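All heavy atoms count here, side chains included; hydrogens, waters and symmetry mates do not. Fair warning: this is a prediction, and the values are worked out from it, not measured in the lab.
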Amino acid sequence: MVNKRVHSVHSFPINGKKGYIKIIEAVIALLLISGTLLILIRQGYFGGENDSSARIYNDQLNILKEIQADKNLRIAILSVDDSSLPLEMNNANFPSALSSKISSSTPNYLTCTAEICKLQNVCELKQYKNGNVYAQSVPIAAEETQYSPRQLKLFCWNG
């Protein structure tokens with residue numbers, strides 16, 4: 001007598017079950033990866049306005065660090081008379097070397113202006129600018145023979 005195996009329509013060989021499990025694992029992995037990417041993109045880690053903001057703040061910080069490191073510019077800032085503070089960059093009494101440094105260091109995609117204020121006061125942009133304005137300040141406190149703390153605030157915007 002010959003044994004005949006009868007296969008039902010719903011029975012799968014063992015290799016077939018492993019294949020389906022691998023497919024399900026791959027689909028779940030793709031869903032996890034795409035979900036993570038969507039969350040990262042939504043939070044601004046890739047592209048978008050946050051990148052330009054970070055770039056602008058980084059450029060501002062580089063300009064301000066260069067000014068802080070330059071002894072002559074620090075002396076020029078500290079030499080500004082207290083009675084003329086706050087002093088805007090478009091004022092004739094604003095140190096010309098400082099104005100030149102800011103203008104030459106500003107990237108082409110930005111327009112920047114600056115203001116010198118007393119350290120404890122708030123420096124503010126007096127003119128309304130359309131769009132986003134980015135501001136950072138640094139303290140300029142003392143030089144070898146002079147102590148009259150100031151802050152230099154840099155305002156930048158696109159355009």
Side-chain angles (χ1 to χ4, degrees), residues 20-159:
Y20 284 115
I21 290 174
K22 296 260 186 211
I23 291 172
I24 291 171
E25 287 175 349
V27 168
I28 291 172
L30 283 173
L31 289 173
L32 286 172
I33 291 169
S34 61
T36 303
L37 285 174
L38 286 173
I39 289 170
L40 291 175
I41 289 170
R42 193 163 188 191
Q43 290 180 350
Y45 289 109
F46 300 111
E49 187 177 326
N50 289 341
D51 277 350
S52 66
S53 296
R55 181 178 170 200
I56 291 169
Y57 280 124
N58 190 39
D59 289 340
Q60 280 183 313
L61 189 60
N62 288 336
I63 293 168
L64 292 171
K65 282 183 178 180
E66 286 178 23
I67 293 168
Q68 271 186 319
D70 188 318
K71 180 179 180 176
N72 294 328
L73 294 176
R74 286 195 318 269
I75 291 172
I77 292 168
L78 295 171
S79 298
V80 172
D81 187 30
D82 278 349
S83 64
S84 61
L85 295 178
L87 186 60
E88 298 176 15
M89 192 164 134
N90 59 1
N91 189 307
N93 294 331
F94 196 86
S96 60
L98 179 59
S99 181
S100 296
K101 178 64 176 175
I102 292 169
S103 297
S104 67
S105 300
T106 301
N108 292 337
Y109 72 96
L110 286 178
T111 303
C112 293
T113 187
E115 189 170 1
I116 301 171
C117 303
K118 291 182 181 179
L119 191 59
Q120 67 275 13
N121 292 357
V122 175
C123 283
E124 58 188 11
L125 186 61
K126 309 278 189 287
Q127 302 164 339
Y128 176 77
K129 300 295 178 192
N130 214 0
N132 294 332
V133 177
Y134 302 88
Q136 283 199 68
S137 63
V138 292
I140 308 292
E143 194 46 59
E144 295 165 359
T145 60
Q146 195 170 11
Y147 178 78
S148 54
R150 307 266 192 269
Q151 68 173 306
L152 174 65
K153 191 157 194 173
L154 190 61
F155 302 94
C156 296
W157 57 93
N158 289 331

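The side-chain contact (heavy atoms from CB on, under 4.5 Å) check on Ala97 picks up Leu73, with sequence neighbours excluded. For Lys126, the side-chain hydrogen bond (donor to acceptor under 3.5 Å, both in side chains) partners two or more places apart in sequence, or in a different chain, are Glu115. The side-chain contact (heavy atoms from CB on, under 4.5 Å) check on Lys129 picks up Leu125, Gln127, Val133, Trp157, with sequence neighbours excluded. Under the side-chain hydrogen bond (donor to acceptor under 3.5 Å, both in side chains) criterion, Gln60 pairs with no residue, sequence neighbours left out. Residues passing the salt bridge (Lys or Arg N to Asp or Glu O under 4.0 Å) test with Lys118, sequence neighbours excluded: none. Under the rule for a side-chain contact (heavy atoms from CB on, under 4.5 Å), the partners of Leu32 that lie at least two apart in sequence or sit in another chain are Ile28.
For residues 56-108, the set of pairs meeting the ring-ring contact (aromatic ring centres under 6.0 Å, His included) definition, not counting sequence neighbours, comprises Tyr57-Tyr134. Residue pairs satisfying the side-chain hydrogen bond (donor to acceptor under 3.5 Å, both in side chains) criterion with at least one member in residues 82-94, sequence neighbours excluded, are listed as follows: Asp81-Ser83, Asp82-Arg150. The side-chain hydrogen bond (donor to acceptor under 3.5 Å, both in side chains) analysis of residues 22-34, with sequence neighbours excluded, yields no pairs. Pairs engaging residues 89-112 under the salt bridge (Lys or Arg N to Asp or Glu O under 4.0 Å) rule: Glu66-Lys101 [sequence neighbours left out]. Residue pairs meeting the disulfide (SG to SG under 2.5 Å) criterion with at least one partner in residues 60-122, sequence neighbours excluded, are Cys112-Cys156, Cys117-Cys123. Here disulfide (SG to SG under 2.5 Å) pairs that include residues 55-89, with residues two or more places apart or in two chains, number zero.
Residues Gln151 and Ile140 fail the side-chain proximity criterion, which asks for heavy atoms closer than 4.5 Å. Between Leu98 and Ile67, some side-chain heavy-atom pair lies under the 4.5 Å cut-off.
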Where do Ile63 and Thr106 land on the side-chain contact (heavy atoms from CB on, under 4.5 Å) test, with the steps shown first?
-> CA-CA 7 Å; Ile63 293 168; Thr106 301; 4.1 Å; yes

Taking it one step at a time, do Asn132 and Asn158 satisfy side-chain contact (heavy atoms from CB on, under 4.5 Å)?
-> CA-CA 8 Å; Asn132 294 332; Asn158 289 331; over 6 Å; no

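Heavy atoms of other residues, nucleotides or ligands lying less than 6.0 angstrom from CG of Asn58 number more than 12.
When all heavy atoms of Leu154 and Ala114 are compared, the pair lying nearest together is CD1-CB, 4.2 Å.
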